[in-house]
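Report on the structure given below.
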Amino acid sequence: MSEAPLIVLKGIIRRYQSGDDFTTVLHDIDLTIHRGEMVAIIGASGSGKSTLMNILGCLDRPSQGEYRISGRSTSELEADELAELRREHFGFIFQRYHLLNELDAVGNVEIPAIYAGQHRDERREKAEAILQRLGMGERMHHRPGQLSGGQQQRVSIARALINDADVILADEPTGALDSHSGEEVLDILQELNREGHTIIIVTHDRNVAARAQRIIEIRDGEIIADARNHAGGDDPSVNDGVVGSRPQRPKLFSGIRDRFNEAFAMALRSMNAHRMRTFLTMLGIIIGTASVVCVVALGQGSQKRILDQISNLGTNTLYVRPGRGYGDLNAAQITTLTVGDANELAKLPYVMTATPANSTTSTVRVDDKEVSVTVSGVGYQYFATRNSKLLEGRFFDKQGVNDMAQDAVIDENAKKSLFPHEHGSVIGKIVLLKDVPMRIVGVVKAEEQGMGGAPELKVFLPYTTVQTRMTGSRLLESIMVRVKDTVDSAEAETMVTAFLTKRHGEQDFFIFNSGTFQKTVQATTATLALLVASIAGISLFVGGIGVMNIMLVAVSERINEIGVRMAIGARQSDILQQFLIEAALVCLIGGVLGVLIAAGFGVLFAEFSTRFQLIYSPFSIVVALMCSSLIGIGFGFIPARNASKLDPVVALARD
Ligand code: ADP
Ligand code: MG
């Protein structure tokens with residue numbers, strides 16, 4: 001034989017550390033196995049057979065010594081290269097079968113081929129053919145729980161064969177079987193050996209070992225005998241060729257896609273297997289997402305409502321009032337704010353209009369009906385400045401103001417109270433304000449009022465009419481100055497202040513600036529929204545920690561499964577992917593449910609509140625969904641990586 005032997009062990013030592021002590025389990029093992037041999041390794045329980053087997057199968061590394069496969073040293077190989085070796089060259093058969101319970105026979109047999117990237121139809125066909133051949137044709141779609149021990153072991157043999165392994169490693173393959181099933185399994189192994197597979201069986205049973213052509217005896221971690229067994233059938237068929245035909249190298253993309261699909265399906269199966277736990281984990285994410293989306297929507301809705309109210313005050317409008325501020329007790333004594341001021345202000349280049357205003361309360365009588373109203377005396381520009389919406393009739397004009405016309409514009413609330421049964425027009429009707437008759441010339445939409453409280457009834461008259469016919473006072477309550485759009489309202493405020501201070505000799509007035517007020521409110525509501533959203537964000541974060549917690553549990557619960565997957569060739573990335581997908585899915589589904597719940601809340605909210613609507617921005621929904629998937633990936637990463645970094649032999653040993 002010119003080629004290097006299949007397996008060469010030189011001076012292999014395996015120690016285990018427990019605390020400060022080292023136990024040496026394998027002492028200086030030298031062993032050479034050629035292609036096509038059928039070897040039994042026999043020894044008492046605890047003699048180190050499984051330890052040796054795990055090293056042979058690259059599930060475990062020796063503490064010392066050299067292991068060569070086909071002349072290639074294994075000591076420098078990375079975890080994924082070892083996985084490739086296991087996937088392409090070794091097939092494992094375990095005493096306890098180690099099948100995945102959620103998959104049927106075909107599904108179990110397929111797994112190594114999925115990791116090898118074999119095409120879906122090809123691998124399915126092949127899995128079925130192998131199962132057929134092993135006498136499992138009737139039970140392709142049974143799950144492990146529905147199969148007898150012997151049948152399960154056949155499935156695991158089929159799994160070992162799917163990638164055309166050269167070497168089959170069987171650790172006590174008959175240990176859990178009755179003698180009849182055991183014989184059958186051994187028959188299969190012998191037949192596979194005749195076809196050229198190298199078979200290595202570990203057993204404590206001499207009868208089992210007798211089937212092999214070579215029996216290696218091990219005691220306390222040392223080889224004490226290594227002999228040909230002529231009873232064990234044919235001499236090794238010196239078959240150094242590769243067994244069978246290798247599956248064609250798969251296309252890279254479809255291989256990756258298949259592995260992703262497998263990981264995805266696994267994630268779904270495991271979520272389904274633990275529905276309650278999955279749901280509870282999801283709940284954190286659902287609540288988190290729903291609250292983020294709702295809070296943002298509430299914030300935006302209320303901000304819009306407030307801004308709508310402010311915009312009623314007009315943009316770029318200054319309200320000049322007597323006194324030093326709201327509630328100034330001396331304001332009533334200040335007599336300097338006059339119509340003359342308004343006229344002079346109107347002449348300033350940066351002022352569009354200056355509208356005097358005063359007000360009083362009064363009663364209005366129509367026929368035998370009497371209500372109390374707020375009477376606003378305003379200039380004709382008032383309606384344009386406040387963006388008043390005319391429902392019927394007209395506004396009064398400059399002429400009306402000059403003539404102190406007895407023309408009244410009422411708002412819809414006043415109309416409803418005064419003419420509850422009138423559905424048509426009320427234009428031209430005469431009402432008595434105190435005892436002064438006024439003619440209704442227009443009806444306007446009611447102005448937005450503060451939250452709560454009964455709506456005010458409003459009547460608008462020319463301010464001249466109010467001064468002469470109602471209050472008898474020439475004092476103004478305010479001057480509403482509309483600044484030109486090209487001028488900054490803060491600058492205009494400064495200039496108006498200077499102008500009036502000069503006219504009055506002192507600053508005995510104050511200015512309310514709708515522009516700066518609007519900005520302040522905008523900034524405040526934005527800050528509030530940010531604050532509340534960050535609280536909601538914290539709840540999402542807590543949800544994420546819940547996900548992490550559950551994923552850690554899931555990993556430790558499924559350590560054995562992870563070990564099996566690694567033994568049959570899963571890369572670290574395959575394991576990582578499987579757990580990450582599960583975490584991301586939990587969070588994404590939670591996120592979608594959260595958004596739906598938030599939307600449902602919006603519908604409910606609209607039922608009970610007419611004040612304002614929730615405004616859902618697509619942006620906040622997209623961000624919430626992205627956040628929840630990122631949380632899944634972020635918090636799922638550590639558990640998933642822990643899983644992928646597990647030592648296969650440690651994972652397998654866990655039960
Ligand atoms: P066998 O398969 O021949 O019954 P093993 O190879 O499983 O024996 O174990 C050989 C010895 O190594 C036993 O004494 C066992 O206690 C010890 N051993 C096996 N695995 C470990 C481990 N992970 N840590 C410490 N000791 C171990
Ligand atoms: Mg053992």
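The structure presented is a predicted model; accordingly, all values stated were derived computationally and were not measured. Atoms within a ligand are numbered from 1 in the order they appear, just like the ligands themselves.
For atom 15 (C) of ligand 1, no protein heavy-atom neighbour is found at a distance under 4.0 Å.
Under 4.0 Å from ligand 1, the heavy atoms of Val25 that appear belong solely to its side chain.
Nearest to atom 8 (O) of ligand 1 by heavy-atom distance, out of Gly48, Gly221, Ala44, Ala653, is Gly48.
Within the 4.0 Å heavy-atom cutoff, Ser18 does not count among the residues contacting ligand 1.
Salt bridge present: Glu66 and Arg68 bring a charged side-chain N and a carboxylate O closer than 4.0 Å.
For Phe635 and Phe541, the distance between ring centers is under 6.0 angstrom.
Partner Val202 forms a side chain to side chain contact (heavy atoms under 4.5 Å, CB included) with one of Asp171, Ile216, Leu52 and no other, that one being Asp171. The one candidate from Thr174, Ile200, Ile93, Val208 that meets the side chain to side chain contact (heavy atoms under 4.5 Å, CB included) condition with Leu189 is Ile93. Just one residue in the list Asn229, Val39, Asn193 forms a side chain to side chain contact (heavy atoms under 4.5 Å, CB included) with Gln213, and that residue is Asn193.
When only non-hydrogen protein atoms are considered, atom 2 (O) of ligand 1 lies nearest to Ser50 OG, 2.7 Å. Nearest non-hydrogen protein atom to atom 1 (P) of ligand 1 is Gly46 N, 3.5 Å. For atom 6 (O) of ligand 1, the nearest non-hydrogen atom of the protein is Thr51 OG1, 2.5 Å. For atom 19 (C) of ligand 1, the closest heavy atom belonging to the protein is Tyr16 CE1, 3.6 Å.
In summary, the side chains of Ser181 and Asp178 do present a donor paired with an acceptor at a separation below 3.5 Å, with no hydrogens or angles considered.
Not one N/O/S atom of Met53, from backbone or side chain, sits under 2.8 Å from the Mg ion (ligand 2).
Within ligand 1, the atoms closer than 4.0 Å to a non-hydrogen atom of Ser45 are 4 (O), numbered from 1 in the order shown.
Ring orientation note: the planes of Phe92 and Phe94 are close to parallel, at an angle under 30° on the 30°/60° scale.
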